[in-house]
Visitor: 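Right, I'll just put the structure down here and ask away after.
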Number of protein chains: 2
Amino acid sequence: MEKIVSAKNERVKKWSKLKTKKGRLNSNQYILESWHLVSEAINANQNVEVVLTTNKQYELHQNEIDAFDGEVIEITDDVSKVLGSTSTPQGIFGIVELPKEDHFDSLDMNGSWLLLDQIQDPGNIGTMVRTADAAGFDGVIFGEGTSSQFNPKVLRSMQGSQFHLKLLEGDLLDWIGKFKENDVPVYGTELNPQAVSYDQIEKQDAFALVMGNEGNGMQDKILDQTTKNLYIPIKGKAESLNVAIAAGIAMFHLKK
Amino acid sequence: MEKIVSAKNERVKKWSKLKTKKGRLNSNQYILESWHLVSEAINANQNVEVVLTTNKQYELHQNEIDAFDGEVIEITDDVSKVLGSTSTPQGIFGIVELPKEDHFDSLDMNGSWLLLDQIQDPGNIGTMVRTADAAGFDGVIFGEGTSSQFNPKVLRSMQGSQFHLKLLEGDLLDWIGKFKENDVPVYGTELNPQAVSYDQIEKQDAFALVMGNEGNGMQDKILDQTTKNLYIPIKGKAESLNVAIAAGIAMFHLKK
């Protein structure tokens with residue numbers, strides 16, 4: 001097995017750049033961290049080109065890594081620290097080809113979709129994707145201004161749910177138009193009670209739910225285009241709900 | 001106004017220790033960070049003994065700080081960094097006397113309570129307290145093994161909800177016994193579907209809901225003592241829900 005010991009190695013420098021959008025576009029690759037995610041990617045037939053592993057991690061997952069038919073390279077803890085996005089990286093990474101965007105087909109119009117309008121926090125995004133998966137949603141659409149699905153912190157907090165449902169990107173106004181043309185209701189969410197309480201809406205299969213920015217909520221131009229806007233009544237003195245909590249409550253209530 | 005410029009000042013060393021349990025018990029104080037929390041504490045009649053502020057923060061909140069009748073001390077950015085628990089602290093702190101524990105009275109038996117069984121992550125704990133506040137719960141009981149309500153990260157993520165509802169600590173088995181003696185149902189939560197689906201339970205006012213550890217769920221000895229154990233059906237391929245998301249879904253469903 002090839003071994004890379006220096007954090008200054010040219011390939012390490014290139015892989016490290018995959019943590020940025022520019023680096024991902026230049027290489028047409030992204031970097032996945034942890035054996036859980038790398039193995040989920042392999043099992044989900046993602047194009048994992050290289051597995052990078054410390055000796056310690058190799059010993060823990062030797063059978064599975066030996067069965068992998070791409071390139072496997074041993075790395076040191078120093079290299080691992082450069083590539084990782086936490087202070088104590090696990091020591092195993094996958095270099096993965098950026099997938100072609102998931103295809104939205106006509107059957108998907110019968111499904112449930114979560115739309116993210118300018119959500120900033122990677123942890124919130126990942127948790128919402130994971131919750132959408134658990135609620136049986138068909139996919140999540142990342143609107144412009146929402147952190148990338150290939151951001152290392154987003155990747156980590158999706159915990160593998162990225163391989164269970166469709167992830168799309170695009171202009172939410174275009175998507176909302178598409179849903180409405182097909183008589184699929186699009187529910188916006190507001191921070192204040194000028195809207196309909198979420199629990200007044202019946203459970204259903206085909207709908208889109210839009211969640212807005214942590215501080216500012218949804219953009220007005222998007223709120224204007226929805227079928228109906230919902231709010232979650234606050235009974236105590238809290239100023240607001242965390243956006244991922246609100247999304248969880250709404251998704252589990254709405255989804256049949 | 002007194003000014004402390006050195007991070008090696010004896011009082012700074014003492015305040016910095018308030019970030020640990022031992023330091024809090026030794027001084028009978030805790031440290032609150034950010035003007036939002038310090039002002040909420042003052043307004044909630046907590047015994048804020050000292051306000052520490054950088055000059056920049058003083059200028060932003062001069063009227064309110066001048067109206068504060070305790071000690072006010074100017075600190076430098078270096079001192080702020082030592083006292084803060086983020087990489088870029090806002091620069092304003094309150095040194096607060098540890099409150100007497102909130103009193104649970106007989107009327108509280110008619111209310112809704114969230115019980116935390118060995119919850120580790122400060123962000124999860126804070127988010128659950130904030131969500132309990134928003135759902136109109138009466139209080140949260142921190143079981144043994146759950147991170148402290150005075151941990152700086154827990155304090156921060158409660159976002160002021162700690163001043164809106166009662167926070168208690170103690171042996172959950174004792175609390176569960178008390179609720180059951182008063183015919184108040186205690187709902188446990190399980191990670192797997194051997195239990196009753198949460199949406200089979202009617203909305204109600206008087207109940208306790210127990211959430212368990214992020215990785216291991218509730219302790220068996222506590223699950224054994226509940227009135228009923230609930231689960232949230234997972235429809236997709238996600239392995240589990242984040243505990244704070246699960247708590248949010250259950251609390252908003254159960255609370256009348």
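Chain A is the first sequence line, chain B the second, and so forth, proteins listed ahead of strands; every chain is numbered from 1. Remember, predicted model here, so these are calculated numbers, not experimental data.
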Visitor: Are more than 12 heavy atoms from other residues, nucleotides or ligands located less than 6.0 Å from atom CG of B:Asp77?
Guide: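 12 or below, so no.
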Visitor: Using a cut-off of 6.0 Å, state whether more than 12 heavy atoms not belonging to A:Lys203 lie near its atom NZ.
Guide: yes
Visitor: By a 4.5 Å heavy-atom criterion (distance strictly below it), what part of B:Ala244 contacts chain A: side chain, backbone, both, or neither?
Guide: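 Both backbone and side chain.
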Visitor: Heavy-atom cut-off 4.5 Å, strictly under: side chain, backbone, both or neither for B:Ile232 against chain A?
Guide: side chain
Visitor: Might you point out which heavy atoms bring A:Leu241 and B:Arg130 nearest each other, and give the distance in Å?
Guide: C-NH2, 3.4 Å
Visitor: Of the non-hydrogen atoms in A:Lys237 and B:His164, which two are nearest, and what is the gap between them?
Guide: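 Distance-wise, the nearest heavy atoms are O-CE1, 3.3 Å.
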Visitor: Less than 4.5 Å to any heavy atom of chain B: does that hold for the side chain of A:Gln162, its backbone, both, or neither?
Guide: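 Contact with chain B: none, neither part.
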Visitor: Give, for atom CE of A:Met128 and atom CD1 of B:Ile245, the distance between the pair rounded to the nearest 0.5 Å.
Guide: 8.5 Å
Visitor: Are the side chains of B:Tyr198 and A:Phe252 in contact, using a 4.5 Å heavy-atom criterion?
Guide: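 Of all side-chain heavy-atom pairs linking B:Tyr198 with A:Phe252, at least one is under 4.5 Å.
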Visitor: Should the heavy atoms of other residues, nucleotides or ligands under 6.0 Å from CD of A:Glu101 be counted, would the total exceed 12?
Guide: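 Enclosed.
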Visitor: Does a sphere of radius 6.0 Å around NZ in A:Lys166 hold more than 12 heavy atoms from other residues, nucleotides or ligands, not counting ones at 6.0 Å or beyond?
Guide: yes
Visitor: Sort B:Gln159 into side chain, backbone, both or neither according to what part of it lies under 4.5 angstrom from a heavy atom of chain A.
Guide: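 B:Gln159 has no heavy atom closer than 4.5 Å to chain A.
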Visitor: Taking every heavy-atom pair that is under 4.5 Å apart, which of A:Gly136, A:Gly123, A:Ala246, A:Ala132 has the most such pairs with chain B?
Guide: A:Gly136
Visitor: Does atom CG (B:Asp205) have a neighbourhood of more than 12 heavy atoms from anything else shown, all under 6.0 Å?
Guide: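 Result for CG/B:Asp205: enclosed.
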Visitor: Which heavy atom of B:Lys235 sits nearest to which heavy atom of A:Lys255, and what is that distance?
Guide: NZ-O, 3.4 Å
Visitor: With a 4.5 angstrom heavy-atom cut-off, is it the side chain or the backbone of A:Thr131 that approaches chain B, or both, or neither?
Guide: both
Visitor: Would you say that more than 12 heavy atoms from the other residues, nucleotides or ligands in this model lie under 6.0 Å from the CD of A:Gln204, or not?
Guide: yes
Visitor: Are more than 12 heavy atoms, taken from residues, nucleotides or ligands other than A:Glu202, located less than 6.0 Å from that residue's CD atom?
Guide: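 Not more than 12 within 6.0 Å, no.
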Visitor: Find the one option among B:Gly160, B:Ala247, B:Ala135 whose heavy-atom pairs under 4.5 Å with chain A are most numerous.
Guide: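 Counting heavy-atom pairs under 4.5 Å, the top option is B:Ala135.
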Visitor: Give the minimum heavy-atom separation between B:Asn242 and A:Thr127, together with the two atoms involved.
Guide: CB-CG2, 4.3 Å
